[in-house]
Every structure is written in C-alpha cells, then in structure tokens.
Asks: 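Below is one structure. I have some questions about it.
Just so it is clear, the values below take in all heavy atoms, side chains as well, and ignore hydrogens, waters and symmetry mates. Not measured: the values here are computed from a predicted model.
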Amino acid sequence: MSFTLDETATPEEVAQAFSSHRFEVALPHLADDIVWSVVGDEPVLGRDAVEKLCRRSAEDLVEVTTEFQRFRTVVGGDSVVVDSLARYTEAGGDVSVVASCDIYDFVDGRVTEIVSYTIEIDG
C-alpha cells in the first residue's frame with residue numbers, strides 16, 4: 001500500500017510519517033533551515049543534510065522488520081510529540097527494541113525543528 005501526504009497534511013500526519021520511518025512522504029514538509037537534534041549527537045542542519053540522513057536510515061531498514069509496540073501522538077499548538085517503542089528484527093534474526101520520543105516544531109505547516117530522544121532497551 002502506498003502512503004502519501006499532500007500539501008494539506010496536518011502536522012500530526014507529517015510527524016507520524018517521519019517517526020514511523022516513512023521519510024519519503026514526510027520530506028516535502030521540511031523547512032529548508034530545519035534542525036534535527038538527536039540528543040547526544042551533533043545537530044543535523046538544513047534540509048539537504050536531514051534528507052541525506054533519512055535516505056541512509058531508510059537503506060539501513062530495507063531488510064529490517066519494524067513492529068511498533070507503542071505509537072502515541074500528542075498535538076499541541078505548533079508542536080507534535082511522538083512517543084514510540086519499536087522492535088526491529090534484522091534479516092539474520094538479531095532483535096533490538098528502541099524507545100524514542102520525537103518532538104516536532106512547525107511554522108507555516110513546515111517542520112522547522114525535530115528533537116529526538118532514543119534509547120535501546122532490553123526487549
């Protein structure tokens with residue numbers, strides 16, 4: 001099933017797409033000067049750099065099965081928070097469970113900032 005977002009997509013829909021690794025449909029909704037901060041790493045600055053990182057992540061996930069055990073969205077004003085717990089199973093059978101929280105800020109319908117907290121936990 002193909003999933004797309006048009007120009008009328010809500011901030012919640014864009015945030016859900018990005019947090020669930022459907023980067024291709026979320027990328028058109030990023031501001032040119034976006035800042036993506038994964039807590040503990042250097043921020044990724046600008047649309048081109050964020051797109052490059054998303055494409056690399058998508059390639060890494062091609063042979064991985066992702067099962068969201070929790071996926072909760074909270075919307076408030078110009079911000080959206082996505083709290084998730086995902087189980088990743090690699091083709092060889094290795095499993096990792098990651099808890100994450102992504103906080104999105106929007107201006108004029110475009111994502112201007114993402115702050116991501118992630119931790120691998122025992123599954």
Asks: To the nearest 0.5 angstrom, please state how far the CZ atom of Arg110 sits from the CG atom of Asp78.
Replies: 14.5 Å

Asks: Please list, chain by chain and in numerical order, all residues satisfying side-chain contact (heavy atoms from CB on, under 4.5 Å) with Ile119, sequence neighbours excluded.
Replies: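 With neighbours one apart ignored, the set is Ala99, Ile121.
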
Asks: For Thr10, give me all partners under side-chain contact (heavy atoms from CB on, under 4.5 Å), at least two apart in sequence or on another chain.
Replies: Glu12, Glu13

Asks: Val107: what forms a side-chain contact (heavy atoms from CB on, under 4.5 Å) with it, not counting sequence neighbours?
Replies: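 Residues passing side-chain contact (heavy atoms from CB on, under 4.5 Å) with Val107: Thr112.
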
Asks: Going from CZ on Phe106 to OG on Ser79, what distance comes out if it is rounded to the nearest 0.5 angstrom?
Replies: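 The OG atom of Ser79 is 8.5 Å from CZ of Phe106, to the nearest 0.5 Å.
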
Asks: Measuring from Thr66:OG1 to Arg87:CZ, what's the distance to the nearest 0.5 Å?
Replies: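 Spacing of OG1 (Thr66) from CZ (Arg87) equals 11.5 Å.
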
Asks: If you group Ile, Leu, Val, Met, Phe, Trp and Tyr by side-chain heavy-atom gaps below 4.5 Å, do Ile34 and Val38 land in one group?
Replies: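 Yes, same cluster.
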
Asks: Which pairs count as side chain to side chain donor-acceptor pair (under 3.5 Å) when at least one residue sits in residues 90-102, sequence neighbours excluded?
Replies: Ser19-Asp102, Ser84-Ser100, Asp102-Ser116

Asks: I want to check something: taking the side chain as every heavy atom from C-beta on, are Phe18 and Val82 in contact at a cut-off of under 4.5 Å?
Replies: no

Asks: Not counting sequence neighbours, list each pair that qualifies as a side chain to side chain donor-acceptor pair (under 3.5 Å) and has a residue in residues 54-65.
Replies: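 For residues 54-65: Glu24-Arg55, Glu51-Arg55.
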
Asks: Listing request: all ring-ring contact (aromatic ring centres under 6.0 Å, His included) pairs with a residue in residues 46-87, at least two apart in sequence or in separate chains.
Replies: His21-Phe68, Phe68-Phe71

Asks: In the single-linkage hydrophobic clustering (I, L, V, M, F, W, Y; side-chain heavy atoms under 4.5 Å), do Val14 and Val75 co-cluster?
Replies: yes

Asks: Counting C-beta onward and ignoring hydrogens, is there a side-chain heavy-atom pair between Trp36 and Val111 closer than 4.5 Å?
Replies: no

Asks: Please identify each residue that fulfils side-chain contact (heavy atoms from CB on, under 4.5 Å) with Arg72, with sequence neighbours left out.
Replies: Asp83

Asks: Taking transitive links into account, so neighbours of neighbours count too, which hydrophobic residues share a cluster with Val35 at under 4.5 Å side-chain distance?
Replies: Leu45

Asks: Measure across Arg47 and Pro28 and return the closest heavy-atom pair with its distance rounded to 0.1 Å.
Replies: NH2-CA, 3.4 Å

Asks: For Asp41, is the CG atom crowded, meaning more than 12 foreign heavy atoms sit under 6.0 Å from it?
Replies: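 Enclosed: over 12 neighbouring heavy atoms sit under 6.0 Å from CG of Asp41.
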
Asks: Would a single hydrophobic cluster contain both Ile114 and Tyr117, if residues Ile, Leu, Val, Met, Phe, Trp and Tyr are joined by side-chain heavy-atom contacts under 4.5 Å?
Replies: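 The answer is no; the residues belong to distinct hydrophobic clusters.
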
Asks: Examine Tyr104 and Val25 and state if one hydrophobic cluster contains both, with Ile, Leu, Val, Met, Phe, Trp and Tyr joined whenever side-chain heavy atoms are less than 4.5 Å apart.
Replies: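 Yes, because Tyr104 and Val25 connect within a single hydrophobic cluster, where side-chain heavy atoms sit under 4.5 Å apart.
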
Asks: Can you tell me how far CG of Leu53 sits from CZ of Phe23, rounded to the nearest 0.5 angstrom?
Replies: 7.5 Å

